[in-house]
Amino acid sequence: MKIHRTVRSVLIRVIGLGVIGLGVIGLGVVGCGGDSEEQRAAELLQSQRRRQQAQEAAPKSVGQRIDEAQAYYDQQNYAAAQDRLRPLLVADDVDADALLLYAKCEAAIGAPLAACEVLGTIPPTEPVVFADAGLLAADLYLQQGEYESAEASLMRVVDLAKTVDVPRINAVYHRLASLLNNQGRRIEAAEYLRRLLRAEDITEKELFAMNTFGDAFIDVSMPKPSFSGTLPPAALAEAKRLRGDGELEQAKLLIERLSAAFPKSTPIAAFRCRVYGEMKLDALLDDYLKSVPVGIEREPEYWYALGTRLQSSNRDSEAVRCFLEAVTLDPTDRFSYLALARSLRALGKNTEADCANQRFSLLHESAVITAKIGSQPGTAAELSRLAEILDTLNRPWEAAAWRDVALKTYGGSPEWRQRLRQQREQIAENATAASDPSGVRCGLELDRWPLPSTKEIAPNDLVDPGSDQTTADSRTEIRLHDVAADVGMDFHYDSGDDTSDEVQLLHQLTGGGIGVIDFDLDGHPDVYFTQGGGDAFDADGSKPNVLFRNLPSAPWTSVSAEAGTGDLGYGQGVAVADLNQDGFPDMILANIGPNVIYQNNGDGTFRRQLMAAVDAQGDWTSSIACGDLSGDHLPEIVEINYIDDPTALTIGCTPDKDACNPSVFRPAVDRAWQVGSDGAVSRWDGCQAMDERPNYGFGGVIANFDDSHGNDLFIANDTEFNHFWLSQRDGTSDPITLQESAQIAGCAFGLLGQRQGCMGIAAGDFDRNGLVDLHVTNFWNQAADLYSQETPGVFTNVNAKRGLYEDTRMTVGWGSQAVDFDRNGWLDLPVLNGNLTDHRQRGRAYQMLPQLFRGDAGGFELQNPADRYWSTPALGRTMAVLDFNRDLKPDLVTNHLDAPAALLENRTVTENALQLELIGTTSERDAIGAKVSLTSGDESWVGWVFGGDGLLCTNESMLDFGLGPYDSIDRIEVAWPSGTRQSFSDVKANRRYLIVEGEVELLQR
């Protein structure tokens, strides 16, 4: 080849052609006498050297010189190899192989950048050598953390392959896909992975990378980019990793720095939109959308963020267009499909919504399978199912590749191999159909949906966090003081764990239940504790449960023996409900083993009966929720069941062997029971679908969440998606049924779409928009969820926006309640924390502090009271709300594994308040699902009568409102479950009233 002038200058600079010595090296003569042996030996040596130099000076072909140099290179004699190559590099026609070998020598002696300069002089006229040069240069640049230069070297080969056949192009695609993935540019990497897939030259690791392009996927075998000095654009992958690890604030800060440094990068801009969208930083997103770089329309993350923003503003037609754009660019984006289904459902496009929801479900199942087989080899059944899913999603090339994995792992008959080959041939013949985007878009055409303008995004209706003018220093100090010992409440839950060893069983870690019940109707709430201490499933082997009677003028006294409520089963949760509608509250006990109903006789005693059950000896019920779900104005009983696997009760957990993850055991089926007018209990057929959805249920809440049809049921599940059973009725005379809707409703999973270890629930109107919201506590390294109901039946996770994300992520949360302690009109969130197993050797806390998050218009702020209870780490578990001393200030009763139960008296200097008790007449007597709205001046508050109350507990049966500065209520409106409505005007605050359905007067209590 002819060497261009600039190329020659590079070679002169790198190789040092100007100082190459081509002359013969003279040898000095050793010795004094000509006849000496030394002189003869020297002459012989000189003669040999002359002959060798003559041989070397003899004409040789280019190939011979390269072969000699290669031999020296193989012997790691790189200097000699370069000496053989230098004469070839002064010619006008330089051999490409010589340049490649010389560059390898430069790299071997520790001069990688010099080697890259030589490799850059190799022209594309020799495609094979050119490809090898590009690969070598990319590797050398990567060793230096120079990602951009490495990418440029590979792209030169890719550009050549557009016009010339490059035999080694697949090797370039492999390297380029990893390089782009490691820069966070997953959609660009997808193009090269698809080429490898069609060429049948894809690795199993690359197949994993194709499962979900929205997640970070980093090849750890590739050197990291250099972060010293100027931040490189490849740091986008680090931002995505931080997001994937739940480090949202750090991801936000990094992507903002990257965006400022590279304002024209569309992948960086799109991820910034996504982070703002997921954190619900609406004002920041709205502002940034006005200045996104040109070309961002090719990024699916941009469309997803824009779509969810429009969806939250009820602009569903435009949101549909955004989600269609997103899934067209990235068909693996399951959360765009889920959001698409939600908007289509809102627009009445139910058939299309079902299609989108089905694609979400398939993509989710695919993600679950690949996550599982990423840590251990997949079974033949798992690999087969994964291939079936991909076929259904019209991704046949991937399906065939996973079948290849199964074939290599488990073998197969010659007939099976032949059938797989035929399938590949059919896929190739139908390549056009396989790439048809209409199936990806569920048959919806893009142009039929309006394209939104980013200049017209609606402002956020809620006050942004931090905008509230009230500061922590100016607010009243919340004071919650433990008075259990003072009033005589002496209870300590016994899990049955032998503290002399380090072994614990899973059922010994969940704690006992608390039920607040005014069993004697004296107006003062009593408290019931379930107890453990024995073997699971032994109905008579544990310590007796304890009922404390609250007598305001005397110490609290245990009356379990007199009342007949000392059940000896291994206790979990307790529900309080008037099952037979006689005006006296009953109790339903959740046990490991047979559940128990205690019927209140009305004379201070209870009648015990076993609850009807299916295989009661194998049941592990965690919580029970009661309320009218069928619409017959009688309560249903919902068993929230945890595990249906006896091995879970025998496998021990230790600090070194953590076997307490419920997902390794068989999940249980929740059950709903109907209470007849005669008090008989039977299975309710309105929720038969529960049998098809076993899960690890922990806590539950019943309420009419969407103000439609009837009561609904939310269940927090451990390690799996939550359940939200939404009431349905086809006609006014048709029976009510429940349909599981958590995913499409937006309350199934964590902020980033992950399954969480959900446990406790607190329900209330945290943002005061008149709709029920849910706070759900979670396991370690999983922030608590705050599901805000922005429109009826649709939730958005706003834990980051409302200040709950960072402070809850490194805790193990249990009981939680929604309580306005300081009566400023905004609900606060007390939370109990405590780990399952002692992992202090891993840097995790075991006992943990309880937390109190003070609520206001801007969100929540962690601000624990000064009392010793809030500064003492413990293994906290269950929490219930009551006003035990009737001072119109809500108190707490809490339970722990390692400390006595606490009664936390609210001694806060408060503003105004109102408490209401409701009794249904046409509705069920407990009025579960009733909604009460208060109005005073320009302010309004909404409360609901809940069934379930969260985790293993029942609160005092009352509605409690903080009113801030208002000492009177202009109007009270009650919407009863029966459909009846009542209103009351000009009501004085700072009192407790009884409201009876149909009665025109309030009764002061």
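The shown structure was predicted, so the numbers you read here are calculated from the model rather than taken from an experiment.
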Scan Asn641, Asn722, Asp670 and name whichever one has a side chain to side chain contact (heavy atoms under 4.5 Å, CB included) with Ile715. Asp670
Please list, one pair per line, the donor and acceptor atoms closer than 3.5 Å that link side chains of residues 742-755 to other protein atoms, with sequence neighbours excluded.
| residue | atom | partner | partner atom | Å |
| --- | --- | --- | --- | --- |
| Gln754 | OE1 | Leu752 | N | 2.9 |
| Arg755 | NH1 | Glu720 | OE2 | 3.1 |

For Gln739, give me all partners under side-chain contact (heavy atoms from CB on, under 4.5 Å), at least two apart in sequence or on another chain. Gln728, Ser741
Can you name the residues that form a side-chain contact (heavy atoms from CB on, under 4.5 Å) with Pro792, not counting sequence neighbours? Asp706, Leu771
Phe714 vs Val772, test: side chain to side chain contact (heavy atoms under 4.5 Å, CB included). Steps then yes/no. CA-CA 11 Å; Phe714 175 82; Val772 184; over 6 Å; no
What do you reckon, are the aromatic ring centroids of Phe537 and Tyr570 less than 6.0 Å apart?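 Between Phe537 and Tyr570, the centre distance exceeds or equals 6.0 Å.
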Phe665 and Tyr696: aromatic ring centres closer than 6.0 Å?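 No, the ring of Phe665 stays outside the 6.0 Å limit from the ring of Tyr696, centre to centre.
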Exercise: do Asn595 and Thr621 side chains pair donor with acceptor under 3.5 Å: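 Per modelled atom types, Asn595 and Thr621 side chains form a pair under 3.5 Å.
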Any side chain to side chain donor-acceptor pair (under 3.5 Å) pairs touching residues 501-515, not counting sequence neighbours? Thr510-Gln572
Residue among Asp765, Asn799, Asn797, Asp767 satisfying side-chain hydrogen bond (donor to acceptor under 3.5 Å, both in side chains) with Ser788: Asp767
List in chain and number order the residues that pass salt bridge (charged side-chain N to carboxylate O under 4.0 Å, His left out) with Asp215, two or more places apart in sequence or in another chain; answer none if no residue qualifies.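 Salt bridge (charged side-chain N to carboxylate O under 4.0 Å, His left out) check on Asp215 returns nothing, list empty.
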For Glu956, salt bridge (charged side-chain N to carboxylate O under 4.0 Å, His left out) partners two or more places apart: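 With sequence neighbours excluded, Glu956 shows a salt bridge (charged side-chain N to carboxylate O under 4.0 Å, His left out) to Arg992, given in chain and number order.
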Please determine which of Tyr642, Phe779, Trp620 meets the ring pair (Phe, Tyr, Trp, His ring centres under 6.0 Å) test together with Phe698. Tyr642
Parallel, tilted or perpendicular: ring planes of Trp725 versus His723, cut at 30 and 60 degrees: perpendicular
